[in-house]
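Some notes on the structure that comes next.
What you are looking at is a predicted structure, and each value in this text was computed from that prediction instead of being measured.
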Amino acid sequence: MRRIGAALLLPLATALALAGCSSSAPPPASANATVTATGGFGTAPTVKIPAEKASSNLYIKTEVHGTGPVLAKNDSFLSNYAVYIWSGATHKLALSTYTATPQVLANTLLPGLTTALDGRKMGSRVLVVLPPKYGYGSSGNPQVGVKGTDTLVFVVDMIKVYPATDSATGAQVSDGGGSLPTVTSAAAGKAPTVKVPTTAPPSSLVVKTLIKGSGPPVVKGQYVVTQYVGLNWRTRAVFDSSWSRGTPLGFEIDATPAQIIPGWDMGLVGVPVGSRVMLVVPPKDGYGKAGASTAGIKGTDTLVFVVDVLDAVNGSSH
């Protein structure tokens with residue numbers, strides 16, 4: 001969901017009100033303004049799209065007005081959403097999270113979605129109709145089956161916001177050290193500093209609690225929202241960080257197929273929400289003998305992750 005310009009279509013009700021003082025007939029509604037999404041917040045919407053060609057305007061309508069915190073610039077948020085591809089006079093459902101787990105959406109959204117969602121309150125349901133120029137442009141996105149002439153229809157339920165400064169919220173119980181890396185906390189919104197010792201790494205998975213949260217423990221099948229930094233024990237260098245990207249990582253624990261490496265699947269189960277844990281992951285519980293060449297990880301490398309567990313939620317299918 002990237003790359004669209006921002007514009008707003010004046011809602012039909014307002015357009016008719018403004019036209020009411022004129023003796024001429026009101027302008028006809030655009031096809032996009034006739035799209036509807038009904039149903040309660042948190043349940044799969046019933047979406048009706050006309051059997052005609054979409055118009056060229058970006059259309060935004062708040063179907064449910066929430067009362068929770070406001071989504072600010074650079075915030076991420078937990079959501080359920082459905083996406084339809086509207087091609088000519090036909091349409092199809094491309095993706096829906098309502099029957100699986102909610103997903104984190106972040107500041108890498110298409111600009112048109114950013115326009116539609118920024119400043120909205122949690123608890124809102126927003127309908128957005130994105131013509132090509134507000135979607136993937138004339139090139140489309142073949143990877144997800146979107147042609148350059150396709151219009152996209154999103155229905156987004158905004159569940160919970162995660163400010164960019166979110167981190168572990170519990171009590172500090174350790175900073176590691178000894179035969180393990182030493183972890184030093186940084187300013188809010190920044191990755192902690194991790195110093196890897198010059199000794200050989202442990203041969204088995206290590207889970208070390210650094211900050212113990214007071215939330216419920218993570219269980220299999222939940223959708224977990226995290227901030228993390230990852231280092232290679234061999235090089236002692238950072239190879240990945242959600243803090244650097246400004247986007248939390250969300251994933252389902254023990255999913256089939258797996259969404260994360262085995263060390264995370266095993267190490268995060270039972271960790272209370274609000275905690276910070278260190279995971280020392282040997283090759284067999286990481287990327288295996290193949291490694292991950294794009295990140296400079298060899299098949300013999302042990303990895304170190306410091307993970308803040310921001311949230312863990314049940315999906316609608318659990």
Side-chain angles (χ1 to χ4, degrees), residues 162 165-220 222-254 258-288 291-292 295-298 300-312:
Y162 304 106
T165 55
D166 262 8
S167 60
T169 56
Q172 179 107 25
V173 296
S174 175
D175 61 1
S179 61
L180 295 175
T182 301
V183 180
T184 304
S185 296
K190 303 293 184 180
T193 300
V194 184
K195 184 178 180 180
V196 180
T198 57
T199 54
S203 58
S204 299
L205 177 68
V206 174
V207 182
K208 179 72 173 179
T209 300
L210 306 176
I211 295 174
K212 187 173 183 179
S214 58
V218 172
V219 300
K220 292 181 179 180
Q222 285 186 313
Y223 186 79
V224 181
V225 182
T226 64
Q227 294 275 27
Y228 72 95
V229 60
L231 297 90
N232 189 321
W233 190 297
R234 172 178 57 85
T235 65
R236 296 172 181 80
V238 173
F239 64 85
D240 193 15
S241 171
S242 66
W243 277 286
S244 296
R245 292 194 302 273
T247 304
L249 175 68
F251 52 86
E252 184 179 345
I253 284 280
D254 203 37
Q259 297 181 6
I260 49 176
I261 59 175
W264 280 48
D265 265 333
M266 295 184 290
L268 294 180
V269 170
V271 173
V273 171
S275 297
R276 170 174 290 173
V277 295
M278 180 198 306
L279 303 177
V280 181
V281 182
K284 66 183 179 64
D285 297 323
Y287 293 97
I297 298 170
K298 297 181 178 180
T300 54
D301 283 342
T302 292
L303 308 177
V304 180
F305 295 94
V306 176
V307 184
D308 284 13
V309 180
L310 304 182
D311 206 357

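In this structure, P181 and V280 approach most closely via the heavy-atom pair CD-CG2, 4.4 Å. Smallest separation of non-hydrogen atoms from V281 and G286: CG1-N, 3.6 Å.
In this structure a side-chain-to-backbone donor-acceptor pair under 3.5 Å is missing from D285 to G263. The backbone N or O of G213 sits less than 3.5 Å from a side-chain atom of S275, completing a donor-acceptor pair. With hydrogens and angles ignored, the 3.5 Å screen pairs no side-chain donor or acceptor of T209 with any backbone N or O of K212. Proximity of a side-chain donor or acceptor of N232 to a complementary backbone N or O of A237 within less than 3.5 Å is not detected.
Here the straight-line distance linking atom OG1 of T226 with atom CG of D166 works out to 12.0 Å at 0.5 Å rounding. Note that CE of M266 is 9.0 Å distant from CD1 of I261, once rounded to the nearest 0.5 Å. Between the CG atom in D254 and the CG atom in L268 there is a gap of 11.5 Å [rounded to 0.5 Å]. Expressed to the nearest 0.5 Å, how far CG of L303 lies from CG of L231 amounts to 9.5 Å. Between M278 atom CE and I211 atom CD1 the span is 11.5 Å, to the nearest 0.5 Å. Taking CD from E252 and CD1 from I260, the interatomic distance works out to 9.5 Å, rounded to the nearest 0.5 Å.
Exactly one of Y228, Y223, W264 qualifies for a ring-ring contact (aromatic ring centres under 6.0 Å, His included) with F251. That residue is W264.
Within the structure, salt bridge (Lys or Arg N to Asp or Glu O under 4.0 Å) contacts touching residues 229-242 (residues at least two apart or in different chains) are R234-D301, D240-R245.
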Show the atom names and distances, to 0.1 Å, of all donor-acceptor pairs under 3.5 Å that link a side chain in residues 193-208 to residues at least two apart or in another chain.
none

